[in-house]
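For reference, the structure is listed below as structure tokens.
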Amino acid sequence: MTKSAVKSDSDKRRTGATSTGKRVSALAIPAWLPLGGILLVSGAETVRVTGAHRELFFNIDHFWVLYMLLPFVIGIILYGLVRRSRVWRLGQPIVSGQITRESLRSAFDDLPVRLGRLVKGGGGTERVLRDPYSGVMHLCIMSSMIVLFLVTALLAIDDYIPVEILVGPRYLGYSLVADIFGLVGIIGVAMAVAHRWVRPRTAWLPTWEDWLILGGLGMLLITGFIVEGLRIHTSEIDVNPEWSYWSPVGYVVALMFSGVKISAALDIHTTFWWIHMIGALSWISLLGYSKLNHLVLAPANAFLKRTSAPGKLDMIENIEQQEHFGVSQLEHFSMKQLFELDVCVRCGRCTDNCPADIAGQPLSPMHIIQDLKSYATAVGERKVANLVQGHDLNFGLDDEAPMVGGVVRDESLWACRTCGACVEACPVFIEHVPTIVDMRRSLVMEEARMPDTVQGTLETLERQGHPWRGTPYTRDSWMEGIEDQVPEWTGEQDYLYFVGCTGAFVDRAQEITRSVVSLLREADVSFGVIKGMESCNGDPARRLGHEYLYQILAEGLIELFNETGVNDEQKTVITHCPHCFNTFLNEYPDMGAKFQVIHHTQLLEQLVDAGRLVPRGDGPEQTITYHDSCYLGRHNDIFEAPRRILEQVPNVTLIEMPRNREQGLCCGAGGGNMWMEEQGKSRVNEVRVEEAVATGAESACTACPFCVQMFDSGIGTVQLDVEDDDKLKVLDVAELLQAAAVSEGQSDA
Amino acid sequence: MDVIVCVKQIPDPETPAAAFKVDEQAMQVLPAQGISPVISPFDAQAVEAALRIKDASGEGSVNIISLGPDSARDAIKHSLAMGADEGYHLKDDAFDGGDAWTTALALSKAIQHLGVPDVLIFGRQAADWDQGTVGSIVAELLDLPSATVLRAVELSDGGITVSRVVADGFENIDLPTPCVLTISNEFGDPRYPQLRQIMQAARKQVTELTAADLGLDASEVGSAGARVQMHSLFQPTSDVEVEIIEGDTPEEKAAGLVNALREAKIL
């Protein structure tokens with residue numbers, strides 16, 4: 001459509017409004033207004049249509065039955081939703097304790113963000129559209145339903161107001177739009193059916209629900225056209241044939257019925273009209289009883305989703321006073337978590353994006369949500385009944401399989417990388433990760449049931465304050481030989497460089513630590529290191545489900561930061577570990593942290609921009625692919641800083657892997673999996689290394705010491721038969737920048 | 001079935017070698033910075049064995065005794081968190097500087113003080129000094145039958161059936177009760193305490209007993225009563241030289257290795 005066409009459209013519309021003296025704002029549906037306007041105008045100019053219109057209840061007696069049924073249908077829908085809400089209300093109030101004004105406020109904080117998400121993600125189906133096929137399919141069905149609903153409503157309104165809107169050219173435009181969107185709906189349904197029939201995703205298989213909803217909708221659209229065709233056949237085609245061209249689909253149907261006698265056609269028309277109308281009311285009733293409820297629940301969930309950083313886990317307040325730790329029963333979930341289960345439409349995108357599932361490991365986020373949903377239906381309803389009858393909540397439920405370990409298997413919970421790919425992919429804004437970690441919390445703290453490797457990691461954290469069991473190193477091993485080049489933190493410097501456990505205890509990561517120190521010295525940054533006294537900030541314990549140990553470790557570190565003057569709004573903590581970064585930035589404020597946090601890639605980018613680090617131009621030509629760390633990228637939205645550093649190193653060509661930025665694939669180490677044995681067909685790091693190798697890049701660059709290790713070990717197996725010189729090289733961004741920007745004499749530190 | 005387990009707190013065996021230091025003058029191991037002492041791993045397995053015996057018999061108690069400084073209380077608390085019932089801490093300056101004999105003597109008095117249970121369990125050895133004698137000495141002092149270095153313990157009619165780890169296999173033995181058992185690492189991993197139990201254990205009182213409470217004179221225990229004298233304590237240094245045998249083919253490398261071993265008079 002050209003600009004001038006749009007202009008003439010709006011101009012004419014204004015003219016039309018003046019001449020009839022009636023506003024057409026009721027037609028203001030963005031999706032079809034321009035189209036309708038154009039057609040309306042051209043229709044007015046080319047055809048004699050002055051009297052075109054149609055009767056509301058043509059050929060129908062007792063139509064009042066319909067109006068009688070309407071409140072009944074609304075009642076049925078509301079009954080279904082309210083009944084379901086009793087299961088949601090088994091959950092914990094939004095903030096532990098009771099529903100207070102504060103807890104309500106926490107569900108409505110950051111209102112602009114929530115409203116924006118409601119409009120874009122709910123109404124605008126922003127995330128649905130990311131998948132081209134199902135995005136188009138969904139858009140077809142959704143736009144068709146909205147338009148056809150409004151079309152029907154408009155016809156009724158038109159009939160009951162004294163002035164006629166739908167007459168003449170406006171009626172003809174209206175007819176055309178209705179027909180087009182009816183057809184669009186059929187296309188959408190056909191795509192949905194094909195999707196399920198021809199290429200069902202491996203993650204799911206359609207159920208009766210899918211076929212009922214799609215079959216019902218298809219039936220409605222087809223009977224709608226049959227009714228229209230019969231009306232045209234019996235009342236329009238012979239009298240005002242030029243009107244019927246404006247209902248092209250109805251016109252074709254009318255031609256198909258042309259051999260049928262008018263009296264018989266009128267009878268068929270009545271029958272189909274009632275089938276169509278009763279069918280429509282029955283179909284919409286599914287809204288209270290099936291995944292069709294996403295019409296209402298999905299936008300609601302877009303609004304209700306937390307506004308905190310996606311990688312943040314919520315704290316268990318007053319943990320020593322809790323009656324249970326984590327979630328082992330439905331009622332331990334929050335209301336929001338139980339509500340979310342019903343929002344799921346089984347689209348499978350979470351599972352399609354899950355690194356564990358991609359590697360053939362025993363985790364499908366969609367099945368966790370779906371299995372919990374079934375459990376909430378079966379057992380939740382009985383718990384509700386127990387409440388109503390004044391029984392104990394779990395009366396008569398002793399024989400049910402346990403929720404954690406039965407409905408959701410332990411190995412699924414352990415396979416989660418907390419990478420957030422599922423949360424990012426979910427078109428209806430479900431947050432799988434906190435739900436999974438809540439159940440891990442119960443496994444670890446309530447039942448003490450976990451893989452040996454997890455137990456060993458937690459014990460090492462408890463005893464030694466770091467997760468690296470069996471390391472031959474101490475906190476300060478990395479600075480051996482360069483002690484005098486590593487400034488001790490005095491409380492006077494601007495930045496504390498928090499080395500973290502991996503940077504200190506793992507030899508490969510020690511190289512990264514030394515690179516960072518070297519760059520900070522080169523750029524003359526005012527920084528220091530707390531020598532010998534650092535301890536883990538608790539992130540591994542928290543991700544592994546041991547919230548209590550996390551809180552103990554975090555309290556200890558905050559105390560150290562208080563004593564050494566780090567915990568000050570004027571001080572900034574640098575970390576090269578995205579996991580430390582996420583915990584400090586998003587979770588430590590709950591523990592009383594006031595300091596600022598910066599990831600080394602952010603700081604290095606600033607230093608390069610400011611000219612304090614100058615990459616030399618004599619470096620080797622190299623192609624590099626950048627791998628996004630989940631906790632830096634997806635969880636904290638830092639995608640560009642590391643890339644901009646790479647782009648500023650001369651002779652570096654950056655190549656992207658197909659899965660990058662928000663869609664980046666985890667290296668496999670997240671969620672404590674760094675310290676676990678993987679179970680399943682293949683390893684996540686091998687899948688990711690294969691993707692990196694496939695780009696043809698010589699090196700993979702990342703900004704996380706875990707990713708570096710996972711890549712190194714993945715290359716060991718993926719490129720087993722490749723000559724060492726031709727193997728993919730793995731570097732932290734800091735190492736690459738150090739090679740390019742630090743002069744030779746400096747490069748030891 | 002009533003069980004008593006004797007546990008010892010030791011420096012964490014996972015302490016990295018670089019952090020392990022001794023004071024040669026004082027002949028003492030210096031605690032590593034930031035690394036808390038732990039219950040000896042064999043002793044944690046002994047507690048696990050005791051808890052399984054209690055569970056299998058369906059009744060009785062598991063009580064813990066530890067001799068050591070203030071911090072030894074944490075090893076008792078850990079055992080309580082695993083599920084043991086009561087803890088007894090033998091704490092007295094008079095115990096300082098003791099050896100296996102004085103420790104066994106104090107423990108045997110404490111056991112008599114509490115009443116000899118059906119089963120007494122120890123770890124096969126404390127993972128710091130690795131002497132492995134306290135359990136056997138206690139058995140002698142109390143005149144009880146004993147079986148050491150066990151990989152399995154089961155209840156049988158009127159007694160206990162155990163499986164010992166020996167050089168060329170396993171030895172299955174029936175013992176009457178009361179008896180003394182020492183548990184080896186082959187027994188399996190000890191349980192990880194549930195958080196609720198950790199919190200309950202933190203609130204539980206540990207009974208402290210002194211030498212006087214046990215009817216022991218200060219001259220019988222600690223350095224005064226010790227029968228073993230330490231002459232020196234040092235960290236051995238070892239110089240390792242690495243020589244990479246070069247060669248284009250595996251055959252050449254193997255030949256080079258054989259020559260090098262001959263030169264070193266190893267072959």
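To find a chain, count down the sequence lines: A is the first, B the second, and so on, and within it residues start at 1.
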A:T575: partners by side chain to side chain donor-acceptor pair (under 3.5 Å), with sequence neighbours left out: none
Enclosure of A:M533 CE (heavy-atom neighbours >12, cutoff 6.0 Å): no
Shortest non-hydrogen separation from A:P540 to A:P467 and the atoms involved: CG-CG, 4.1 Å
When you scan chain A against chain B, which donor-acceptor pairs turn up at less than 3.5 Å?
unit_1 : atom_1 : unit_2 : atom_2 : d
A:E323 : O      : B:R196 : NH1    : 3.2
A:E323 : O      : B:R196 : NH2    : 3.0
A:M445 : O      : B:L195 : N      : 2.8
A:E446 : OE1    : B:R196 : NH2    : 3.3
A:E446 : OE2    : B:R196 : NH2    : 2.7
A:Q455 : NE2    : B:P190 : O      : 3.3
A:E462 : OE2    : B:Y192 : OH     : 2.5
A:R463 : O      : B:S36  : N      : 3.0
A:R463 : O      : B:S36  : OG     : 3.3
A:Q464 : NE2    : B:D12  : OD2    : 3.0
A:Q464 : NE2    : B:E14  : O      : 3.4
A:G470 : N      : B:E14  : OE1    : 3.4
A:H546 : NE2    : B:Y192 : OH     : 3.4

Part of B:P193 within contact of chain A (heavy atom distance under 4.5 Å): backbone
Heavy-atom pair of closest approach, residues A:F584 and A:Y588: O-CB, 3.4 Å
Qualifying residues under side-chain contact (heavy atoms from CB on, under 4.5 Å), relative to B:A46, sequence neighbours excluded: B:V5, B:I121, B:I183
Non-neighbouring partners of A:R409 that pass side-chain contact (heavy atoms from CB on, under 4.5 Å), sequence neighbours left out: A:P362, A:E411, A:S412
